[in-house]
**Student:** 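Supplied in structure tokens, the structure appears directly below.
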Amino acid sequence: MSEENWIEVGSTDSIEEEDLIRFDHQDKTFCVYRLTDGFYATDGICTHEAVHLEDGLVMDDEIECPMHQGIFNIKSGEALSPPACEDLKTYPVKVDNDKIFIKIG
Amino acid sequence: MKNNIIILGGGQAGIYAAREIRQNDSKSNIKILGEENLLPYERPPLSKDYLLDKKNEEDLYFHSSDVLKNENIEFENISINKVDFENKKLSAKNYNVYSYDSLLISTGSENKKLSLDNNLMNDVYYLRNLEEAKKIKEIVSNKNKITIIGGGFIGLEIASSLSQLQKKVIVIEIGNQLMGRIIPKKIADLVQNTHIEHGNEIILNKQIEKITKKNGIYEILLNDNSLIETDFIIAGIGSTPAVKLFENTNLKLDNGIVTNQFCETSIKDVYAAGDISNFYHPLYERSMRLESYQHAQNHGICAGKNIAGIKTEYTSIPWMWSDQFNLNLQLTGICDDYDEIIERGNDINNGVIYFFLKNNKIRGACGVGIVGKIGRDIRITSKLIEKNTIVDKQILSDQNQKLNKLIQR
Ligand SMILES: Cc1cc2nc3c(=O)[nH]c(=O)nc-3n(C[C@H](O)[C@H](O)[C@H](O)COP(=O)(O)OP(=O)(O)OC[C@H]3O[C@@H](n4cnc5c(N)ncnc54)[C@H](O)[C@@H]3O)c2cc1C
Ligand code: FES
């Protein structure tokens, strides 16, 4: 694992608990979540249609798409409820000195 | 005990019911009888991404034939034309007879047809199924000026798609606003403006007097004597539950098949779910019939549980969406029984939501906005309705305050 792959997202206090922020890097969009047990990251766009999940609702370990209520598990990316049927990509996250990093690529 | 379970109607409610039954009952025979020669598929894309070529036929199926095979769910392509509830038998035109111990009726809805007094009945197209969507897609590819009769959700979605395909689109609506009176006028107007900005022509308050055809071009005469020339006509003037099959039986009908909160009809061992069912909703303490994706799924699942012997009340909060251009409209709960209306937001970019309250509790809400802008608030609203929460109206009306503050944990 090379160090370069870890991209800094921001400080840990930039996300409220049970919430998320959008993070754009190069031409990709990610969502970074703060759940009760830590930070997680997924692709930022729903797998059903091209909608930003940043406007979705985080409930427990799930993110609900704001467009058609497709639901994904934030930790595994699994598509849990139609019309979403394709899983969401997830990314490793680490916290270092109150800063959040995600590993892309 | 091994039962014969038949699901009449192979649409969304039917497939979800079948799989739910199987999850709880590994022994019974489960057979879906569907008159479309297609495995159950999603209808929402038919008026949107399918017309736009962003989704193709394969993308529409809920499940592959492998899933059905693995779960031992049989699908037979057959149209049932007779039901004998007394002897628990269904029969088809080809004299095939199907006996059941439990029956789920999920025959969905049918499009209302325009009554035209000349022989142009077959010249007007309707959209309910994949076959019709295919035909429309094929024909519009070499037409230019297209008229949609009816400014409801489906008509407007087709209008949006055809406009995106660079067609000149005219929508003729009999009422004084789009999408019917249940939608707040302001929301209807915002949607109308978006259509107009994209070049669609919207004609309200007009009725069709006559349609004639000359040299392959249609002339539509309206009741103010104006004349519209058009290359192709699609009508979306509403739908009715597909109950013809049951009209001369003792199955209780009233705006669909009457069911209780357990998806049970007036006849023992006969259940109904999805568009076809006028069901009792215990939270609203009244009956309602819904035509929506989420309802077809959840109602099918609930029927499946009850058929499998797990007595389950249906309490889902109604929810539906419509996508037109870059707008997403959503409705939750019921919006026709209220003593107060509260508005949140006032421009399409940030989203506009109308909340319908009764005794300080939200009964329903309708919102529209650029894609993504209202979904979270509508979803939270559904939860507030479900929990019967007394809400702080100040927070509801202030878009700068997050609605999840209102959820009591
Ligand atoms: C064009 C279109 C766009 C839509 N867009 C949206 C949307 O954006 N959002 C939303 O929430 N909802 C939308 N809906 C509504 C949603 O798709 C329906 O509510 C849902 O499909 C209903 O499911 P159902 O199982 O009750 O009926 P259906 O899915 O209609 O299935 C019924 C099936 O039963 C079959 N059948 C009927 N009679 C017989 C018989 N005698 N013998 C054998 N088979 C029979 C029919 O052929 C059909 O295949 C849309 C619907 C349409 C048509
Ligand atoms: S766009 Fe996310 S569920 Fe449809």
Side-chain angles (χ1 to χ4, degrees), chain A residues 13-24 27-37 40-74 78-89, chain B residues 12 15-16 19 40-45 48-49 52 54-55 58-64 67 292-298 300-301 316-317 319-323 326-330 332 350-351 367-383 402-405 407 409:
Chain A
D13 56 15
S14 61
I15 319 178
E16 289 173 37
E17 196 165 300
E18 263 213 349
D19 207 352
L20 81 168
I21 55 163
R22 168 175 164 180
F23 172 64
D24 291 344
D27 52 1
K28 282 208 72 181
T29 293
F30 305 88
C31 283
V32 183
Y33 310 80
R34 180 179 196 157
L35 304 182
T36 43
D37 63 352
Y40 297 88
T42 68
D43 265 344
I45 308 273
C46 184
T47 58
H48 181 236
E49 283 172 27
V51 175
H52 285 281
L53 289 171
E54 72 172 314
D55 295 315
L57 182 65
V58 179
M59 277 272 163
D60 301 323
D61 288 354
E62 295 167 5
I63 171 79
E64 267 191 39
C65 174
M67 195 158 173
H68 309 127
Q69 296 188 359
I71 303 176
F72 302 91
N73 181 297
I74 292 167
E78 190 189 348
L80 300 171
S81 177
C85 53
E86 198 181 311
D87 292 351
L88 195 62
K89 204 160 181 277
Chain B
Q12 184 168 15
I15 184 66
Y16 276 94
R19 296 196 69 201
Y41 61 90
E42 296 187 324
R43 289 177 208 276
K48 315 175 193 84
D49 281 4
L52 289 169
K54 288 189 191 165
K55 281 201 168 121
E58 290 68 50
D59 299 324
L60 306 184
Y61 295 107
F62 286 109
H63 308 290
S64 65
V67 171
S292 102
Y293 181 95
Q294 173 247 26
H295 169 66
Q297 173 185 320
N298 293 343
I301 291 173
S316 273
I317 302 298
W319 175 72
M320 63 88 60
W321 81 85
S322 173
D323 298 329
N326 56 346
L327 299 182
N328 172 244
L329 179 148
Q330 296 188 19
T332 183
N350 296 309
V368 74
I370 297 294
V371 161
K373 288 304 159 202
I374 51 138
R376 176 162 35 198
D377 283 350
I378 290 285
R379 184 68 184 101
I380 293 171
T381 304
S382 306
K383 288 182 186 287
K402 284 189 175 179
L403 283 195
N404 40 6
K405 285 187 192 158
I407 295 187
R409 304 247 164 181

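For clarity, every value in this text was computed on a predicted model and none was experimentally measured. Every chain is numbered from 1, with letters handed out A, B, ... down the list of sequences. Heavy atoms only: backbone and side chains are in, while hydrogens, waters and symmetry mates are out.
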**Student:** What's the shortest heavy-atom distance between Arg376(B) and Gly56(A), and which atoms?
**Tutor:**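 It is NH1-O, 2.8 Å.
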**Student:** Could you tell me which non-hydrogen atom of Pro82(A) sits nearest to which non-hydrogen atom of Tyr293(B), and how far apart they are?
**Tutor:** CB-OH, 3.5 Å
**Student:** In sequence, state the C-alpha distance, the side-chain angles, and the governing distance for Asn328(B) and Glu49(A), and then conclude on side-chain contact (heavy atoms from CB on, under 4.5 Å).
**Tutor:** CA-CA 12 Å; Asn328(B) 172 244; Glu49(A) 283 172 27; over 6 Å; no
**Student:** Between Gln69(A) (side chain only) and Met320(B) (backbone N and O only), is there a donor and an acceptor less than 3.5 Å apart?
**Tutor:**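 No, because the side chain of Gln69(A) does not come within donor-acceptor range (under 3.5 Å) of the backbone of Met320(B).
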**Student:** Side chain, backbone, both or neither: which part of Lys54(B) has a non-hydrogen atom closer than 4.5 Å to chain A?
**Tutor:** neither
**Student:** Against chain A, label Lys48(B) side chain, backbone, both or neither, depending on which of its atoms sit under 4.5 Å from a heavy atom there.
**Tutor:**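 Contact with chain A: none, neither part.
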**Student:** Supply the atom-to-atom distance Glu16(A) CD to Lys402(B) NZ, rounded to the nearest 0.5 angstrom.
**Tutor:**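 It comes to 4.5 Å.
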**Student:** Out of Asp323(B), Asp59(B), Ile378(B), which one racks up the most heavy-atom pairs below 4.5 Å with chain A?
**Tutor:**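 Option with the greatest count: Asp323(B).
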**Student:** Can you find a pair of side-chain heavy atoms, one from Met59(A) and one from Arg379(B), that are under 4.5 Å apart?
**Tutor:** no
**Student:** Rounded at 0.5 Å granularity, tell me how far CG in Leu57(A) sits from CG in Leu403(B).
**Tutor:** 10.0 Å
**Student:** Would you mind checking which part of His52(A) comes under 4.5 Å of any heavy atom in chain B, side chain (CB onward), backbone (N, CA, C, O), both or neither?
**Tutor:** neither
**Student:** Test your reading of the model: is there a side-chain donor-acceptor pair from Gln330(B) to the backbone of Pro66(A), 3.5 Å cut-off?
**Tutor:**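 A pair under 3.5 Å: yes.
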**Student:** For Trp319(B) versus Met67(A), what's the shortest heavy-atom pair and its separation?
**Tutor:**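 Minimum heavy-atom contact is CZ2-O, 4.1 Å.
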